[in-house]
Asks: 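Dropping a structure here in structure tokens format, bear with me for questions.
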Amino acid sequence: MALDPTASSFTPTADPSTSTPSAPDTTTSSSNDNTPLFPPTLLPPSVLAALPTGYTIRPLYRSDYHLSFLDVLRVLTSVGDISEPQWNERYDWMAARDEYYILVVLDGSGRIVGTGALVVERKFIHNLGMVGHVEDIAVARDQQGMKLGLRIMEALRGVGERVGCYKSILDCSEANEGFYVKCGFKRAGLEMSHYYEQAKKAGTTNS
């Protein structure tokens, strides 16, 4: 916080019974920017071994705002103009919960070239079972055809199994059905959606 040069040098002692803690500052980088969103040990070692030479796969970092993560998502759908403070606030919100498992694939230069997410839903049915929702599978256009999407799906399946999900589900277009069949999924029902007027006006309903 900037100092007021016109203020007196005397600073009164705050009353601990009335003071409130300051909100965390999410506008700048911090020492935990490279703390993974989830434990890397949840990722199957077999997936890392199957990646192209020099490539790696890991959980999302807070610092990935600067490593083309959002650009990769733009291959999939609209993202919006997200500022770094907005990114930090959303990342910290996710990191405070054990529901979000977002991973990234990096090429030999350290650039993010692929991503995928597993969102875990806790239920009352099936003996308090958990279901993994596979979301936001995206691979940079210049990296497609290298089986990175397949490796991302294998990794997410492994994460879902390790955290205790009894199944993982996803929605996809008919054009992509064949790919997800290769990833071990099968057709099971029909996707239906209802978009809200506020989302339509914001332009967030094209996926």
Asks: Quick one: sort the Y91 and W87 rings into parallel, tilted or perpendicular, breaks at 30° and 60°.
Replies: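 Parallel.
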Asks: Using a 3.5 Å cut-off and no angle test, enumerate the donor-acceptor pairs between side-chain atoms of residues 156-169 and protein atoms at least two apart in sequence or in another chain.
Replies:
unit_1: R157; atom_1: NH1; unit_2: C183; atom_2: O; d: 2.7
unit_1: R162; atom_1: NH1; unit_2: G158; atom_2: O; d: 3.4

Asks: Is there a side-chain contact between M153 and F179, using heavy atoms and a 4.5 Å cut-off?
Replies: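 With C-beta onward as the side chain, the pair touches.
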Asks: Could you walk me through whether L37 and Y61 satisfy the side chain to side chain contact (heavy atoms under 4.5 Å, CB included) test, starting with their C-alpha distance in whole Å, then the side-chain angles of each, then the deciding distance to 0.1 Å, before giving a yes or no?
Replies: CA-CA 6 Å; L37 186 63; Y61 291 170; over 6 Å; no
Asks: Drop me the distance from L103's CG to R151's CZ, to the nearest 0.5 angstrom.
Replies: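 Interatomic distance, L103 CG to R151 CZ, rounded to 0.5 Å: 13.5 Å.
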Asks: Would you say V113 and L106 make side-chain contact, with heavy atoms under 4.5 Å?
Replies: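 No, every pair of side-chain atoms sits at 4.5 Å or beyond.
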Asks: Search all heavy atoms of F69 against all heavy atoms of V104 and return the closest pair with its distance.
Replies: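 Taking every non-hydrogen atom into account, CD1-CG1, 3.7 Å.
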Asks: Nearest 0.5 Å, what's the SG-CZ distance between C172 and R187?
Replies: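 Rounded to the nearest 0.5 Å, the SG-CZ separation comes to 8.0 Å.
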Asks: Can you establish whether the number of heavy atoms outside N127 located under 6.0 Å from its atom CG is more than 12?
Replies: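 Open.
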Asks: Does the side chain of R58 reach to within under 4.5 Å of the side chain of P40, using non-hydrogen atoms?
Replies: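 Heavy-atom side-chain distance check fails, nothing below 4.5 Å.
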Asks: H133 versus L170: any side-chain heavy-atom pair under 4.5 Å?
Replies: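 Of all side-chain heavy-atom pairs linking L170 with H133, none is under 4.5 Å.
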Asks: Checking side-chain polar atoms at under 3.5 Å, does Q143 have a donor or acceptor matched by the opposite partner on Y55?
Replies: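 Present: a donor and an acceptor within the cut-off.
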Asks: Distance under 6.0 Å and angle within 45° of the ring axis: does R97 meet both against W93?
Replies: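 The answer is yes, since R97 meets both limits relative to W93.
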Asks: Could D71 and R141 be called an ion pair, given the rule that one side-chain N must be under 4.0 Å from one carboxylate O?
Replies: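 Salt bridge: no.
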Asks: Indicate yes or no: at least one non-hydrogen side-chain atom of L148 is less than 4.5 angstrom from one of L51.
Replies: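 They are in contact (side-chain heavy atoms under 4.5 Å apart), so the answer is yes.
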Asks: Could you check whether any side-chain heavy atom of I102 comes within less than 4.5 Å of a side-chain heavy atom of F38, counting everything from C-beta outward?
Replies: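 No, their side chains stay 4.5 Å or more apart.
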Asks: Where the side chain of R62 meets the backbone of A95, is there a donor-acceptor pair that is under 3.5 Å apart?
Replies: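 No.
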Asks: Give me the atom names and distance for the closest heavy-atom approach of I152 to G116.
Replies: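 Of all heavy-atom pairs spanning I152 and G116, the closest is CG2-CA, 3.8 Å.
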Asks: Write down the atom of A155, the atom of L43, and the distance for their closest heavy-atom approach.
Replies: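 Nearest heavy atoms, A155 then L43: CB-CD2, 4.1 Å.
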Asks: Against M130, only a single residue in R122, E121, E99 fulfils side-chain contact (heavy atoms from CB on, under 4.5 Å); can you say which?
Replies: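 With M130 as partner, R122, E121, E99 yield a single side-chain contact (heavy atoms from CB on, under 4.5 Å), made by R122.
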